[in-house]
Amino acid sequence: MLFGIAWDTSSGWAFAISILPILLRGLVVTIQATVVGFFIALVVGLVWAALKAAPLRIVSWPAAIVTEFLRDTPLLIQLFFLYYVLPEYGIVLPAFMTGALALGLQYSAYTSEVYRAGIEAVPRGQHEAARALNLKGMRTFTHIVLPQAVPRIIPAMGNYLVSIMKDVPLLSVVTVLEMLNVARIIGDRTFNYLIPLSMVGGIYLIMTLIASAGVRFLDMRLPKRGIPLK
Amino acid sequence: MTEPIIKFDKVVKRFDSFVVLDELDFEVRPGEKVTIIGPSGSGKSTVLRVLMTLEPISEGVVYVDGDTLWHEKDANGRLRPAGEGHLRRMREKLGMVFQQFNLFPHMTVRRNITEAPTQVLGIPRAEARERADDLLDMVGLREHADKYPHQLSGGQQQRVGIARALAMRPKIMLFDEPTSALDPELVGEVLNVIRRLAEEHDLTMLLVTHEMNFAQQISDRVCFFDRGKVLEQAPPEELFTDPKQERTRAFLKAVLESN
Ligand SMILES: Nc1ncnc2c1ncn2[C@@H]1O[C@H](COP(=O)(O)OP(=O)(O)OP(=O)(O)O)[C@@H](O)[C@H]1O
Ligand SMILES: [Mg+2]
């Protein structure tokens, strides 16, 4: 019994059906961690991208070093760091938030590169026209450059969304009850690992397919308005 | 004689060690229509880009409308490199039309024209729209106001580019080969708009072009640029029929043959 839901071990099918609602509880946590982590990655990544593009070296260098560090160290180390080291300095976050933060921070290093590439692909003439019209730098970034960068950015961001979802099981090491962790607990208690683990694999496959289709749909529906994408 | 509205005083522009403008002296009077011609790489675009503050200068002083463009005076009256505030004030005097149009592809035609007047000049949206629609009337594109740039032909896009620059009410208009990227059958409609501007307004106009007939019709003066300097300048009827310099003659001959 888990989350107040009992399982039925009379047959394989009965067992699978009885643990499905339990696994779905775990799936909710997995999706929540994915969404929160992805949101953090999108926001923080944009901040990195803006800092790395800054004309001042004292601004761009630290940002470049931090993102390089985030990219080149394993997610698990960052996770342990946030989970075990931060509390020593009085910062205690719930396990779920710690996990989502670690995911978001690591992926912010990747998304910052996506933003950078998307922003750099906007032709120089666009910046020059904005400057000739005396638009301010911030206005140029938010209203001229970003809107043209977004259609180039979306497909790559979609891939990272799927990657984040597949990395969520790592959060089980800091006690987050995401789907794989739930399946493992069921296995521990019933000595049947095959069925819950297979079901998690199947659910992941379905989720990944749905997410990929969603990204493709968004990409197709997004107005391109003659923005050259290559 | 009136003060020049544009004055290059011994201006040097280098890219690394490569000299593009070579102690250039060059003046334009208010309201004057000046065409710049010259071989590729002679610095024609650079002159316009320096004026539009897209390209800083290496040495010398540029004056626009009685003020230094790339410098401002410090407390002791000495010239120092201009800050962004000074550049923004100076930029208001100038408008530029680009060879590649450089319209904002994600904005409608009307929005392309109203964006800067509302954001930079603080003009109310309704008034900016009126101004945009008047300008679209002038370039003959009123019915395309709600389209996006990629739905227009190159000639139409360039006319929008002209309207967009005019919406800021500049004193000086810069045209860098405005018809070079166009199919031949679309060149005329753009030149007609520029011609009307030249005839009906007291705008100062600086035009880089290879359209020699057009230059002859609209300009008060034609300047032949060569290796970052003005090698020869004269009213069009004089420069085109009786060029003094051998290099000018060779250039004009080559252009005529290629047409
Ligand atoms: N950003 C840059 N970096 C290095 N060299 C440059 C740069 N911009 C221009 N140049 C060089 O400066 C020279 C003059 O350029 P400019 O664009 O002013 O020539 P132009 O007279 O307009 O020529 P064209 O008729 O081909 O347009 C060219 O040789 C060009 O290669
Ligand atoms: Mg040029």
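Letters A, B, ... mirror the listed sequences (proteins, then strands); counts begin at 1. In this text the structure is predicted, and so the values were computed from the model without any measurement.
With rounding to the nearest 0.5 angstrom, the OG1 atom of A/Thr140 is 8.5 Å from the CD atom of B/Glu115. Residue B/Thr53 holds its OG1 atom at 7.5 Å from CG of A/Asn134, rounded to the nearest 0.5 Å. Taking CG from A/Leu133 and CZ from B/Arg91, the interatomic distance works out to 10.5 Å, rounded to the nearest 0.5 Å.
Other residues, nucleotides and ligands contribute over 12 non-hydrogen atoms within 6.0 Å of the CZ atom of A/Arg71. Applying the 6.0 Å contact sphere to CZ of A/Phe217 captures no more than 12 heavy atoms from other residues, nucleotides or ligands. Atom CD1 of A/Ile65 has more than 12 heavy atoms from other residues, nucleotides or ligands within 6.0 Å. Residue B/Arg129 places its CZ atom among 12 or fewer non-hydrogen atoms of other residues, nucleotides or ligands, all under 6.0 Å distant. Residue A/Phe69 places its CZ atom among 12 or fewer non-hydrogen atoms of other residues, nucleotides or ligands, all under 6.0 Å distant. Heavy-atom neighbours of A/Tyr84 OH from other residues, nucleotides or ligands within 6.0 Å: above the threshold of 12.
Using a 4.5 Å heavy-atom threshold, the side chains of B/Met107 and A/Pro147 count as separate. Taking the side chain as every heavy atom from C-beta outward, A/Glu128 and B/Met52 never approach each other to under 4.5 Å.
Using a 4.5 Å cut-off between heavy atoms, B/Leu103 contacts chain A through its backbone alone, with no side-chain atom that close. For B/Gln119, the part lying under 4.5 angstrom from a heavy atom of chain A is the side chain only. Both the backbone and the side chain of B/Glu92 have a heavy atom closer than 4.5 Å to some heavy atom of chain A. If you measure heavy-atom distances from B/Leu121 to chain A, you find no contacts under 4.5 Å at all. When heavy atoms are compared at a cutoff of 4.5 Å, B/Phe104 approaches chain A by way of both its backbone and its side chain. Contact of B/Arg164 with chain A is made through backbone and side chain together, with heavy-atom distances under 4.5 Å. Both the backbone and the side chain of A/Arg131 come within contact range of chain B, with heavy atoms under 4.5 Å apart. When heavy atoms are compared at a cutoff of 4.5 Å, A/His143 approaches chain B by way of both its backbone and its side chain.
Between chain B and the options A/Gly137, A/Ala132, A/Ala130, heavy-atom pairs under 4.5 Å are most frequent for A/Ala132.
The closest donor-acceptor contact from the side chain of B/Asn102 to the backbone of A/Gly125 lies under 3.5 Å.
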